[in-house]
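Everything below concerns the one structure shown next.
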Amino acid sequence: MAKRQRVDTAAAAVEIMKGAQREIAPPGHVRMDDEDWPFWHSVISEFAKSEWTDHSLEIAAMLSRSMADLEREQRMLRVEGFIAVRENGTTVENPRSRVVKSLTGDILSLRRSLSLHARARGGEAEKIGPRRAIAKAIEADNVLTDDLLAA
């Protein structure tokens with residue numbers, strides 16, 4: 001397995017700054033509704049802009065939609081209750097609770113696909129945190145955004 005590129009070199013910093021200039025948006029073929037956007041912004045903030053690929057943006061959009069769906073279904077389940085009463089008076093588990101469980105599983109699977117957990121992101125947490133902090137600091141202090149340097 002190839003080693004991860006170092007982020008504490010000048011060459012890596014330039015590449016991160018260039019990557020930070022790009023617009024992070026869902027692919028045009030993945031439709032997003034208004035309630036999906038807060039989740040999109042939350043998911044996107046997990047990585048430095050320079051880390052996103054076209055495919056990972058597709059997965060991020062799917063994850064955002066699933067999270068919005070889960071939020072809506074959980075709200076409805078709370079109103080309806082976990083137990084539903086049939087017409088004949090017998091009680092059963094509300095079918096919506098299965099939808100909530102399914103969406104929760106889908107979200108966890110999509111998160112794993114994006115490697116939104118410590119080990120998949122590059123090893124143990126003590127290695128990931130500093131790497132991500134350096135990349136985000138470089139993005140925040142990006143000299144390419146002040147129009148003084150040509151990209």
Side-chain angles (χ1 to χ4, degrees), residues 1-80 82 93-151:
M1 178 181 271
K3 278 182 99 173
R4 288 193 169 273
Q5 178 184 349
R6 293 177 55 122
V7 295
D8 58 352
T9 65
V14 168
E15 290 305 311
I16 290 169
M17 285 187 259
K18 285 181 184 176
Q21 294 297 102
R22 68 186 265 232
E23 180 68 30
I24 301 295
H29 61 276
V30 181
R31 198 179 91 188
M32 300 278 284
D33 294 329
D34 289 342
E35 66 268 9
D36 302 335
W37 289 104
F39 297 100
W40 167 260
H41 296 297
S42 173
V43 169
I44 292 305
S45 70
E46 287 290 317
F47 300 122
K49 287 181 179 181
S50 59
E51 294 181 274
W52 288 102
T53 65
D54 292 340
H55 179 69
S56 64
L57 290 171
E58 289 174 341
I59 302 297
M62 292 169 56
L63 174 59
S64 302
R65 292 186 314 183
S66 295
M67 292 170 74
D69 291 344
L70 176 62
E71 173 63 23
R72 183 182 57 255
E73 292 298 324
Q74 282 180 323
R75 270 189 273 117
M76 293 170 75
L77 183 60
R78 284 182 176 181
V79 170
E80 296 170 357
F82 284 85
E93 177 185 23
N94 186 332
R96 193 175 306 281
S97 65
R98 287 194 200 111
V99 172
V100 166
K101 289 176 189 174
S102 176
L103 284 167
T104 301
D106 293 348
I107 289 167
L108 293 173
S109 177
L110 290 167
R111 286 182 58 84
R112 282 190 299 272
S113 180
L114 281 175
S115 301
L116 288 173
H117 52 89
R119 284 215 169 125
R121 292 293 306 146
E124 299 301 323
E126 67 268 6
K127 293 180 182 178
I128 297 167
R131 177 181 164 80
R132 186 163 293 143
I134 290 168
K136 284 193 169 195
I138 291 168
E139 285 183 353
D141 192 31
N142 191 346
V143 297
L144 297 179
T145 60
D146 62 13
D147 294 329
L148 293 178
L149 296 176

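Everything numeric in this text was worked out from a predicted model, so none of it was measured. These values consider heavy atoms only, across backbone and side chains, with no hydrogens, waters or symmetry-generated copies.
Between Glu139 and Lys49, the shortest heavy-atom contact is OE2-N, 2.6 Å. In terms of heavy-atom proximity, Leu57 sits nearest to Ala25 at CD1-O, 3.8 Å. In this structure, Leu114 and Phe47 approach most closely via the heavy-atom pair O-CZ, 3.5 Å. In terms of heavy atoms, Pro26 sits closest to Trp37 at CG-CH2, 3.5 Å.
To the nearest 0.5 Å, the span separating CG on Leu70 from CZ on Phe39 amounts to 8.0 Å. Separation of atoms CE (Met62) and CG (Leu110) is listed at 5.0 Å; rounding is to 0.5 Å. Here the straight-line distance linking atom CD of Glu51 with atom CD1 of Ile24 works out to 10.0 Å at 0.5 Å rounding. In this structure, CD in Glu73 is found 10.5 Å from OG in Ser97, a value given to the nearest 0.5 Å. Atom CD of Glu46 is separated from atom CH2 of Trp52 by 8.0 Å, given to the nearest 0.5 angstrom.
With sequence neighbours left out, the side-chain contact (heavy atoms from CB on, under 4.5 Å) criterion links Asp33 to Arg31, Glu35, Asp36. With sequence neighbours left out, Glu71 forms a side-chain hydrogen bond (donor to acceptor under 3.5 Å, both in side chains) with Arg75. By the side-chain hydrogen bond (donor to acceptor under 3.5 Å, both in side chains) test, Asp69 pairs with Arg72, sequence neighbours left out. Taking the salt bridge (charged side-chain N to carboxylate O under 4.0 Å, His left out) definition, one finds that Arg78 meets it with nothing, sequence neighbours left out. For Leu108, the side-chain contact (heavy atoms from CB on, under 4.5 Å) partners are Thr104, Arg112, not counting sequence neighbours.
Annotation: side chain to side chain donor-acceptor pair (under 3.5 Å) contacts involving residues 56-66, sequence neighbours excluded, comprise His29-Glu58, Thr53-Ser56, His55-Glu58.
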